[in-house]
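Computed from a predicted model, the values in this text were never measured in an experiment.
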Amino acid sequence: MKSMMKRLLLLLCMLWAPAGLAAGGGNEHLDSAYIDLADKGSLRRGAHTFVNYCLSCHEASFMRYERMARDLEIDSNTLKQSMMFAADKPGELMTVNMSDQDAKPWFGVVPPDLSLTARSRGPDWIYTYLRGFYRDGSTPTGWNNTLYPNVAMPHVLYEWQGMRKASYETSADGAKVLAGFEQLRPGTMNAQEYDSAIRNLTNFMVYLAEPAKLVRYRIGFWVMVFMLVFVGLSYLLKKEYWRDVH
Ligand code: HEC
């Protein structure tokens, strides 16, 4: 009986362990991104930011321009004129021209492919990360990040957010905790506008990581329409049958 209990306990532990591990990985606070994949306008705005500010260093090598344009309802003129800086044909993959050999000495690391980052890190992580940059004279880029300390990426959207300084406090148990930010120089956007731009960008990166989700949304809609029509027809049929019975 005792060994049975032990086995049961062990089984429970095994079931719980992955959840614990997934929840772990640091005790940093993440802000909720509240993204909405059904909002095509938000996805399009995110896509614009992505191709203009991120694709110069990062690739999204699982995505083709034409697929993105089709899914997000971007017309071919807009695509060619304001979104395709690193490619000639819409059929090309969203890769960058910078070679890994160039990137390494510049940043110390190769900027990772962002195709699947929304799945590996999660939307809240990306949303918090892109809002967590601050000035730090001690790093090679002059920037640091509250979520990703000593990150090799500079704050590429600082014109929007402006320059901030982070102040840290030491808690009772000796840990460094973020106390707040001080705005050193304003950006072109206020805090709300910047959050909203980052929400759109995160939304786009979630789409990027699983484009089939949009197709599932579309199919889901027609399944609902079919069900409604089917229920209506069944009701009429039932009435028809019962007319003879009464
Ligand atoms: C100047 C080059 C450069 C640009 C432009 C750039 N990044 Fe980065 N990014 C990097 C580098 C380098 C890293 C690796 C940082 C490290 O490992 O310390 C990185 C890391 C990241 C990560 C973390 C990935 C992970 O899972 O660890 C994310 C997310 C990211 N970038 C998003 C973006 C987004 C979104 C944009 C556009 C707004 C962008 N980056 C623009 C250079 C760049």
Side-chain angles (χ1 to χ4, degrees), residues 21-22 24-31 33 46-63 83-87 92-170 174-185 187-189 194-195 197-198 200-202 204-206 208-209:
L21 280 179
N27 46 8
E28 69 267 341
H29 166 80
L30 296 183
D31 297 332
H48 268 282
T49 307
F50 189 83
V51 296
N52 277 292
Y53 291 93
C54 317
L55 216 50
S56 45
C57 289
H58 294 279
E59 302 196 305
S61 63
F62 291 6
M63 180 57 77
M83 300 186 85
M84 277 176 45
F85 306 110
E92 284 179 42
L93 290 166
M94 295 172 77
T95 51
V96 287
N97 295 328
M98 182 170 59
S99 71
D100 288 1
Q101 285 94 323
D102 282 342
K104 202 72 200 270
W106 286 340
F107 305 112
V109 284
V110 178
D113 189 306
L114 293 181
S115 305
L116 299 175
T117 308
R119 270 202 255 174
S120 59
R121 296 289 203 179
D124 292 351
W125 191 93
I126 294 174
Y127 181 65
T128 310
Y129 167 66
L130 293 170
R131 288 156 55 256
F133 284 95
Y134 64 91
R135 287 301 283 170
D136 182 347
S138 70
T139 64
T141 59
W143 294 99
N144 210 329
N145 191 284
T146 52
L147 185 60
Y148 196 150
N150 300 321
V151 68
M153 172 173 150
H155 188 7
V156 295
L157 298 175
Y158 83 91
E159 282 173 7
W160 290 0
Q161 196 186 25
M163 288 183 181
R164 300 181 310 165
K165 205 172 86 182
S167 47
Y168 281 94
E169 278 169 0
T170 313
K176 238 174 94 179
V177 245
L178 179 69
F181 294 103
E182 186 196 323
Q183 195 82 28
L184 299 174
R185 205 191 293 168
T188 54
M189 291 182 177
Y194 186 72
D195 284 359
I198 298 302
N200 296 335
L201 179 55
T202 307
F204 174 73
M205 285 179 67
V206 172
L208 198 63

Looking at CE of M205 and CG of N200, how far apart are the two atoms once the value is rounded to the nearest 0.5 Å?
->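 Answer rounded to 0.5 Å: 13.5 Å.
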
To the nearest 0.5 Å, how far apart are CG in N150 and CG in N145?
->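 Answer for the CG-CG pair, N150 versus N145, is 10.0 Å.
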
With under 30° as parallel and over 60° as perpendicular, where do the rings of Y194 and W160 fit, or are they tilted in between?
->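 Perpendicular: the ring planes of Y194 and W160 meet at over 60°.
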
Would you call the rings of Y158 and W143 parallel, tilted or perpendicular if under 30° counts as parallel and over 60° as perpendicular?
->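 It falls in the tilted class, 30° to 60°.
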
Do side-chain atoms of [X] reach the backbone of [Y] as a donor and acceptor pair under 3.5 angstrom?
X: S167; Y: G180; value: yes
X: E59; Y: S61; value: no
X: R164; Y: F133; value: yes
X: E169; Y: A175; value: no

Considering only heavy atoms from C-beta outward, does the side chain of L147 approach that of L30 to under 4.5 Å?
->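 In contact.
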
Within 45° of the axis and under 6.0 Å from the centre of the six-membered ring of Y134, does NZ or CZ of K165 qualify?
->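 No, a cation-pi geometry is absent between K165 and Y134.
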
Does NZ or CZ of R131 fall inside the cone over Y129's six-membered ring, less than 6.0 Å from its centre and within 45° of the axis?
->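 Here R131 fails the 6.0 Å and 45° test against Y129.
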
Please step through side-chain hydrogen bond (donor to acceptor under 3.5 Å, both in side chains) for the pair T139 and N144, ending with a clear verdict.
-> CA-CA 7 Å; T139 64; N144 210 329; 5.6 Å; no

Candidate list T128, I126, D124, test side chain to side chain contact (heavy atoms under 4.5 Å, CB included), partner T202, passing option |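 Testing each of T128, I126, D124 against T202, the sole residue satisfying side chain to side chain contact (heavy atoms under 4.5 Å, CB included) is I126.
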
